[in-house]
Amino acid sequence: MSAPHPTNRPSNGPQDAPPPFLVGLGYDLHRLEPLAPQGPGRPLVLGSVRLDHDRGPVAHSDGDALLHAVTDALLGAIAAPDIGQLFPDTDPKHDAQDSRVFLAEALRLVHAAGYRPTNLDATVILERPKLSPHKPAIRRALADLLGLPEPRVNIKGKTHEGVDAVGEGRAVEVHAVVLLQHTPHK
Ligand code: MG
């Protein structure tokens, strides 16, 4: 008889201890369409900061792709259900929902699991408008929402070099990584 696979053995040792760190990856994309009344786009909001633009996300909520990616990174780190499972876009309650509500709920679950964010790194891929003038405000807002000092929050802006839907300004895409640290109960 072969020995049980090491990951299948009954665990009663130090491997039961919560890991000191957990990492989470988040991704989101929203189509960008002309704003009402010309189209179905909502005002463009990234990291809870409003950006002036003639196009905006098509979304059930406010369509904040950056907050959605960060929310999924937080949920992913603790292996919780993802943002679409927790806040289904079929629920009329979330129509035009401020996405800070989703982030706050993810953070509540992270704290309940005994963790807190250590840092966030995110990349926003957006052809227009330029992200750089808004980066300081977005960084401040995210630091505030996550309860982190600003040096622990990084937002990078990139274009898609004119290629594909994102490069043609028809979508915004975000990648986010968060690190969580276990916080023993005092
Ligand atoms: Mg989304």
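When a ligand or atom number is given, it counts from 1 through the structure's own listing order. Keep in mind the model is a prediction, meaning the values are calculated, not measured.
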Which atom pairs, donor and acceptor, lie under 3.5 Å between side-chain atoms of residues 56-73 and protein residues at least two apart or in another chain?
unit_1	atom_1	unit_2	atom_2	d
H60	ND1	D89	O	3.4
H60	NE2	D89	O	3.3
H60	NE2	D91	O	2.8
S61	OG	G63	N	3.1
S61	OG	H68	NE2	3.3
D62	OD1	D64	N	3.1
D62	OD1	S99	OG	2.4
D62	OD2	S99	N	3.1
D64	OD1	G47	N	2.9
D64	OD1	L66	N	3.3
D64	OD1	L67	N	3.1
D64	OD2	G47	N	3.1
D64	OD2	S48	N	2.7
H68	ND1	D28	OD2	3.1
H68	ND1	H30	NE2	3.3
H68	NE2	S99	OG	2.8
T71	OG1	L67	O	2.7
D72	OD1	I83	N	2.9

### Query
Do NZ/NE/NH1/NH2 and the carboxylate oxygens of E33 and R31 come within less than 4.0 Å?
yes
### Message
Donor-acceptor check, side chain of D164 to backbone of G167, threshold 3.5 angstrom: yes or no?
### Response
no
### Summary
Report for the Mg ion (ligand 1), protein N, O or S closer than 2.8 Å, by chain and number, lists D28 OD2, H30 NE2, H68 ND1
Side-chain donor-acceptor pairs under 3.5 Å in residues 127-135, sequence neighbours left out?
unit_1	atom_1	unit_2	atom_2	d
E127	OE1	H160	N	2.8
E127	OE2	G162	N	3.0

#### Entry: N-O pairing of R42 and D95 below 4.0 Å
yes
### Query
For V163, what are the other residues in its hydrophobic cluster, where any two members join if their side-chain heavy atoms are less than 4.5 angstrom apart?
none
